[in-house]
Undergrad: 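Below are the structure tokens for one structure; questions will follow.
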Amino acid sequence: MSMVKTVGVCKAFGALEVLKDVSLSVEQKEVVCIIGPSGAGKSTYLRSLNRLERIDSGQIYIEDKLLFDCVNGVNTVKMPPHERNTALLEVGMVFQSFNLFPHKAAIDSVMLAPVHVRKIPPEEAREKAKLLLERVGLEDKFDAFPSKLSGGQQQRLAIARALAMEPRIMLFDEPTSALDPELVGEVLSVMKTLATGGMTMLVVTHEMGFAREVADTVVFMFAGSILEAGPPEQIFSNPKNNRTRQFLQSVL
């Protein structure tokens with residue numbers, strides 16, 4: 001089953017075309033890493049999957065259900081809003097800039113959405129939040145506020161917060177780009193554990209070592225289009241597209 005599928009997705013900001021006919025399918029338990037230069041449309045594509053960006057045209061499926069079929073910016077799929085929103089709750093997202101609540105302690109931040117959106121009883125949500133914080137290595141930071149956490153700890157908290165909604169798909173938008181180099185490893189370690197555990201993941205990343213080691217499929221985007229996709233060994237060792245080759249030579 002395709003957990004995420006897009007067909008012919010296009011998006012423009014004024015005269016600037018940022019996504020051009022992007023078609024991609026992510027299967028259950030698959031880890032897909034999207035690489036490419038800045039301005040390639042990688043983050044815009046990721047944000048379009050959970051409606052943070054509205055596409056101009058194309059189709060978006062979540063778990064084989066067509067949620068968006070847009071023509072000239074108008075979604076032609078007739079569906080009760082609650083049904084679409086329920087489907088989108090299966091998609092968790094981790095941003096590059098953490099987006100934590102500065103006035104919430106770690107455990108309160110993690111249990112907030114399950115209580116208010118999933119309607120889970122507070123005590124049950126608190127116990128699950130504790131387990132998630134332990135899972136990302138923050139068992140001693142239950143009561144810590146974001147200002148008292150390192151960048152790596154803040155990003156691990158953001159991952160725990162996303163996992164608290166029990167999503168079936170996780171989107172990561174350059175999750176280590178805002179971190180000091182020595183903190184990158186601790187976040188990637190949590191992501192590797194998720195991948196090993198069978199989480200379906202779509203990751204925009206500049207960490208080529210992570211993409212090579214963890215991805216099932218690596219996608220190269222350039223100027224709003226997917227130019228090449230394949231297994232890591234093919235993309236990194238024998239890229240077919242000249243742009244892919246030039247990009248990898250510049251970053252490796």
Side-chain angles (χ1 to χ4, degrees), residues 1-13 17-71 73 75-77 84 87-88 90-96 162 167-175 191 194-195 198-208 210-212 214-236 239-241 243-245 247-248:
M1 177 175 68
S2 293
M3 300 297 281
V4 176
K5 185 172 79 169
T6 63
V7 180
V9 165
C10 298
K11 170 71 178 178
F13 294 111
E17 288 184 277
V18 289
L19 296 176
K20 305 172 189 174
D21 196 29
V22 179
S23 297
L24 180 66
S25 182
V26 182
E27 303 305 308
Q28 191 170 19
K29 297 186 178 182
E30 187 179 15
V31 178
V32 175
C33 285
I34 303 178
I35 63 172
S38 297
K42 307 184 299 296
S43 293
T44 300
Y45 176 68
L46 215 62
R47 291 167 63 87
S48 74
L49 298 177
N50 59 6
R51 218 182 186 187
L52 291 175
E53 295 286 358
R54 294 175 184 261
I55 62 173
D56 297 328
S57 61
Q59 300 173 333
I60 298 176
Y61 297 79
I62 301 294
E63 294 188 278
D64 284 341
K65 180 180 290 187
L66 179 61
L67 299 187
F68 302 99
D69 187 357
C70 295
V71 180
N75 185 19
T76 63
V77 177
R84 183 178 289 113
L88 289 173
E90 299 299 335
V91 185
M93 186 161 185
V94 176
F95 303 87
Q96 54 184 300
R168 289 167 54 79
I169 308 142
M170 282 287 285
L171 311 178
F172 292 88
D173 185 10
E174 299 186 23
M191 294 171 64
L194 285 177
M199 175 64 76
T200 304
M201 295 165 57
L202 185 53
V203 185
V204 170
T205 185
H206 292 300
E207 300 294 335
M208 298 300 130
F210 175 83
R212 189 192 291 263
V214 179
D216 298 298
T217 302
V218 176
V219 174
F220 176 69
M221 285 188 71
F222 182 83
S225 298
I226 292 176
L227 295 193
E228 187 167 1
E233 57 269 23
Q234 178 218 306
I235 298 296
F236 287 105
K240 294 180 169 57
N241 189 284
R243 286 288 189 183
T244 312
R245 195 174 299 113
F247 172 76
L248 291 173

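Positions are given from 1, in the same order as the sequence printed here.
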Undergrad: Would you check, one step at a time, whether the test side chain to side chain contact (heavy atoms under 4.5 Å, CB included) holds for V9 with F68?
TA: CA-CA 10 Å; V9 165; F68 302 99; over 6 Å; no

Undergrad: What distance do L46 atom CG and L52 atom CG have between them, rounded to the nearest 0.5 Å?
TA: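 Here the interatomic distance stands at 9.0 Å.
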
Undergrad: Among all residues two or more places apart in sequence or in another chain, which pass the side-chain hydrogen bond (donor to acceptor under 3.5 Å, both in side chains) test with R212?
TA: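 If we apply the side-chain hydrogen bond (donor to acceptor under 3.5 Å, both in side chains) test to R212, skipping adjacent residues, there are no hits.
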
Undergrad: Less than 4.5 Å apart, side chain to side chain, heavy atoms only: is that true for V32 and V203?
TA: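 Result no, sub-4.5 Å side-chain heavy-atom pair not found.
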
Undergrad: To the nearest 0.5 angstrom, please state how far the CD1 atom of I235 sits from the CZ atom of R245.
TA: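 The CD1 atom of I235 sits 11.0 Å away from the CZ atom of R245.
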
Undergrad: Mind listing the closest non-hydrogen atom pair of C33 and A215 along with its distance?
TA: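 What the structure gives for the nearest pair is SG-CB, 3.8 Å.
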
Undergrad: Of all the heavy-atom pairs spanning G198 and K29, show the shortest one and how long it is.
TA: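 Looks like O-CG, 3.1 Å.
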
Undergrad: So V4 and L49, do their side chains get closer than 4.5 Å, heavy atoms only?
TA: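 Yes, close enough: below the 4.5 Å cut-off.
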
Undergrad: If the condition is side-chain hydrogen bond (donor to acceptor under 3.5 Å, both in side chains), which residues does D21 pass it with, not counting sequence neighbours?
TA: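 For D21 there are no side-chain hydrogen bond (donor to acceptor under 3.5 Å, both in side chains) partners, ignoring immediate neighbours.
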
Undergrad: Check whether any side-chain heavy atom of V77 lies under 4.5 Å from a side-chain heavy atom of L67, and answer yes or no.
TA: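 No, side chains not in contact.
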
Undergrad: Judged by atom type as modelled, is there a donor-acceptor pair below 3.5 Å linking the side chain of S57 to the main-chain atoms of V71?
TA: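 Flag not set: sc S57 to bb V71 has no pair under 3.5 Å.
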
Undergrad: For E90, what residues pass the side chain to side chain contact (heavy atoms under 4.5 Å, CB included) criterion, not counting sequence neighbours?
TA: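 Side chain to side chain contact (heavy atoms under 4.5 Å, CB included) check on E90 returns E63, R118, R168.
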
Undergrad: Identify, with sequence neighbours excluded, every residue that meets side chain to side chain contact (heavy atoms under 4.5 Å, CB included) alongside K20.
TA: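 Side chain to side chain contact (heavy atoms under 4.5 Å, CB included) list for K20, sorted by chain: E17, A223, S225.
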
Undergrad: May I ask you to decide if D69's main-chain N or O and N75's side chain share a donor-acceptor pair within less than 3.5 Å?
TA: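 Yes; judged by distance alone, with no hydrogens or angles, the pair exists.
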
Undergrad: Heavy-atom distance under 4.5 Å between the side chains of Q234 and P239, does that happen here?
TA: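 Answer no - side chains too far apart.
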
Undergrad: Compare all side-chain heavy atoms of L248 with those of I35 and state whether any distance is below 4.5 angstrom.
TA: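 They are in contact (side-chain heavy atoms under 4.5 Å apart), so the answer is yes.
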
Undergrad: Sub-3.5 Å donor-acceptor pair from the side chain of D56 to the main-chain atoms of G73, do we have one?
TA: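 Answer holds: no.
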
Undergrad: What pairs with Q96 under side-chain hydrogen bond (donor to acceptor under 3.5 Å, both in side chains), at least two apart in sequence or on another chain?
TA: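 Applying side-chain hydrogen bond (donor to acceptor under 3.5 Å, both in side chains) to Q96 gives S177.
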
Undergrad: If we only count heavy atoms from C-beta on, is the V219 to T217 side-chain gap below 4.5 Å?
TA: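 Side-chain contact under 4.5 Å: yes.
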
Undergrad: I60 versus K65: any side-chain heavy-atom pair under 4.5 Å?
TA: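 In short, these two side chains do not touch, never coming nearer than 4.5 Å.
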
Undergrad: Mind checking whether F95 and M93 have side chains closer than 4.5 Å, heavy atoms only?
TA: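 They are in side-chain contact.
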
Undergrad: Please report the C-alpha distance between I62 and V91 in whole Å, then the side-chain angles of each, then the deciding distance to 0.1 Å, and finally whether the side chain to side chain contact (heavy atoms under 4.5 Å, CB included) criterion is met.
TA: CA-CA 8 Å; I62 301 294; V91 185; 4.0 Å; yes

Undergrad: Testing the basics here: between V94 and P175, what is the closest heavy-atom pair and its distance to 0.1 Å?
TA: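 Smallest heavy-atom distance, with atoms named: CG1-CB, 4.4 Å.
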
Undergrad: Could you tell me whether a side-chain N or O of E228 sits under 3.5 Å from a main-chain N or O of K240, the two making a donor and an acceptor?
TA: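 Here the side-chain-to-backbone pair exists.
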
Undergrad: For M3 versus I169, what's the shortest heavy-atom pair and its separation?
TA: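 Minimum heavy-atom contact is O-CD1, 3.5 Å.
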
Undergrad: The criterion is side chain to side chain contact (heavy atoms under 4.5 Å, CB included); which residues satisfy it with S25, sequence neighbours excluded?
TA: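 With sequence neighbours excluded, S25 shows a side chain to side chain contact (heavy atoms under 4.5 Å, CB included) to S2, K5, E27, given in chain and number order.
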
Undergrad: Where is the tightest heavy-atom contact between P232 and A211, given as atom of each residue plus distance?
TA: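 P232 and A211 have their closest heavy atoms at CG-O, 3.9 Å.
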
Undergrad: Return each pair, listed once, that meets ring-ring contact (aromatic ring centres under 6.0 Å, His included) where at least one residue sits in residues 215-236; pairs must be two or more places apart or across chains.
TA: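 Sorted pair list: F220-F247.
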
Undergrad: Quick one: side chain to side chain donor-acceptor pair (under 3.5 Å) pairs with a partner in residues 44-53, sequence neighbours left out?
TA: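 For residues 44-53: T6-Y45.
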
Undergrad: Quick one: salt bridge (charged side-chain N to carboxylate O under 4.0 Å, His left out) pairs with a partner in residues 31-46, sequence neighbours left out?
TA: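 Pairs touching residues 31-46 that pass the test: none.
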
Undergrad: Might you work through the side chain to side chain contact (heavy atoms under 4.5 Å, CB included) test for V18 and F13, ending with a clear yes or no?
TA: CA-CA 7 Å; V18 289; F13 294 111; 3.6 Å; yes

Undergrad: If you take all heavy atoms of G224 and V22, which pair is closest and at what distance?
TA: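 Scanning both residues, the minimum pair turns out to be O-CG2, 3.4 Å.
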
Undergrad: Checking D216 now: which residues fulfil side chain to side chain contact (heavy atoms under 4.5 Å, CB included) with it, not counting sequence neighbours?
TA: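 D216 satisfies side chain to side chain contact (heavy atoms under 4.5 Å, CB included) with E30, V31 only.
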
Undergrad: Assess, by modelled atom type and distance only, whether the side chains of Q28 and T200 contain a donor and an acceptor separated by less than 3.5 Å.
TA: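 No pair is found: no donor N or O on one side chain lies under 3.5 Å from an acceptor on the other.
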
Undergrad: Passes side chain to side chain contact (heavy atoms under 4.5 Å, CB included), L194 versus M201? Steps please.
TA: CA-CA 9 Å; L194 285 177; M201 295 165 57; 4.0 Å; yes

